[in-house]
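As a basis for the values below, the full set of heavy atoms in this structure was taken, side chains included, without hydrogen atoms, waters or symmetry mates. Here the structure is a predicted model, which means the values were calculated and not measured. A note on names: the letters A, B, ... follow the listed sequences, proteins ahead of strands, and every chain is numbered from 1.
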2 protein chains.
Amino acid sequence: MSILKNINKVFDHRVRLGIMSVLMTNDSLDFITLKKLLDITDGNLASHIKALEKENYIKIRKSFIGRKPNTQYSSTHLGTLEFKKHLTALEHLINIKI
Amino acid sequence: MSILKNINKVFDHRVRLGIMSVLMTNDSLDFITLKKLLDITDGNLASHIKALEKENYIKIRKSFIGRKPNTQYSSTHLGTLEFKKHLTALEHLINIKI
DNA sequence: AAGTTAACTTTGTTATACAAAGTTCTTTAA
DNA sequence: TTAAAGAACTTTGTATAACAAAGTTAACTT
């Protein structure tokens, strides 16, 4: 059994790690905010969001703020749970003694 | 400027993160030990090792133990430095407040 | 001489990441 | 009432990365 067994592949990429990290301390964030925080193209952001959505790690709420369309992203219960597990696995990994 | 700016892409993959992690607490480890710890094929391990070697993050020492060939891998000064930077960046990322 | 093990390298395939361009919907300006 | 613009995508195409499996080399062991 590998020392990597509890490392979640979905969170293995910096962009998805970044998205989940900021969604831990923010109830929800919109597309543009995420895009600016991560400094990536909108297409690229959309695809990473989709990967997290596919796993039910984040959820989407569409609305209008004033008269502008606005999409808010937030972590699901599952997403929060799995992300915390991943962080615990990371901690164990970087403190490992063989 | 992105919240990911200090995240090192070389350490972005779980296998390379795993290799560096175990090399932090072990002066050196050999190929077979790494292979067992990570539970990956030897070809795959060799290519991840190569990626770290290319960046001068790990160094190789070939010798014989008794009469068996043995290759020991260890972190370079640069590797240790950059890995610690990466871990600090990770900590900041997962504790980020916007 | 034949088999074994360590540590690779090579080959080929699949998956992932990414930019850039195109799309849809809606508002705001001329 | 047409035009421009912005948000949030989707599509397309390309480049890179990851991976398994098979092949290779050098040395030992039997």
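- Straight-line distance from the CD1 atom of I40(B) to the P atom of dA17(D): 17 Å, rounded to whole Å.
- In this structure, CZ of R16(B) is placed 15 Å from P of dT16(D), rounded to the nearest angstrom.
- Here the C1' atom of nucleotide dA7(C) and the CZ atom of R61(B) are 16 Å apart, to the nearest Å.
- Look at NZ on K62(B): it is 12 Å from P on dA26(D), rounded to the nearest Å.
- Between K54(A) atom NZ and dA15(C) atom C1' there is a gap of 11 Å when expressed in whole angstrom units.
- The existence of a salt bridge linking K50(A) and E53(A) is excluded, since no basic side-chain nitrogen approaches an acidic carboxylate oxygen closer than 4.0 Å.
- Between the P atom of dA7(D) and the CG atom of D42(A) lies a distance of 10 Å, rounded to the nearest Å.
- Heavy-atom minimum distance, L38(B) versus L4(A): CD2-CD1, 3.8 Å.
- Dashed line: the shortest gap from a side-chain N or O of H48(A) to OP1 or OP2 of dT16(C) is not under 4.0 Å.
- T33(A) and D30(A) form a side-chain donor-acceptor contact under 3.5 Å, judged by distance and modelled atom types alone.
- Between the C1' atom of dA7(C) and the CG atom of L29(B) lies a distance of 16 Å, rounded to the nearest Å.
- Within the 4.0 angstrom heavy-atom criterion, no nucleotide atom of any strand lies near L45(B).
- Of the candidate nucleotides dA18(D), dA8(D), dA7(C), dA8(D) has the atom nearest to the side chain of N70(A).
- A donor-acceptor contact shorter than 3.5 Å is absent between the side chain of N26(A) and the backbone of S28(A).
- Residue K35(B) contributes atom NZ, which lies 15 Å from atom P of dC19(D) at whole-angstrom precision.
- A sub-4.0 Å separation between OP1 or OP2 of dA7(D) and a side-chain N or O of T71(A) is absent.
- Listed nucleotides: dT9(C), dA8(D), dA19(C). Nearest to the side chain of T41(A): dA19(C).
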Intermediate values then yes/no, ring pair (Phe, Tyr, Trp, His ring centres under 6.0 Å), Y57(B) and F83(B): CA-CA 9 Å; Y57(B) 290 169; F83(B) 190 62; 9.2 Å; no

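- Between R14(B) and dC19(D) there is a side-chain polar atom (N or O) within less than 4.0 angstrom of OP1 or OP2.
- Contact between the side-chain N/O atoms of N44(B) and the OP1/OP2 oxygens of dA20(D) is found at a separation under 4.0 Å.
- Relative to the side chain of H13(B), the nucleotides dC8(C), dC19(D), dC18(C) differ in distance, and dC19(D) lies closest.
- Of the listed nucleotides (dC19(D), dA7(C), dT9(C)), dC19(D) has the atom at the smallest distance from the side chain of V15(B).
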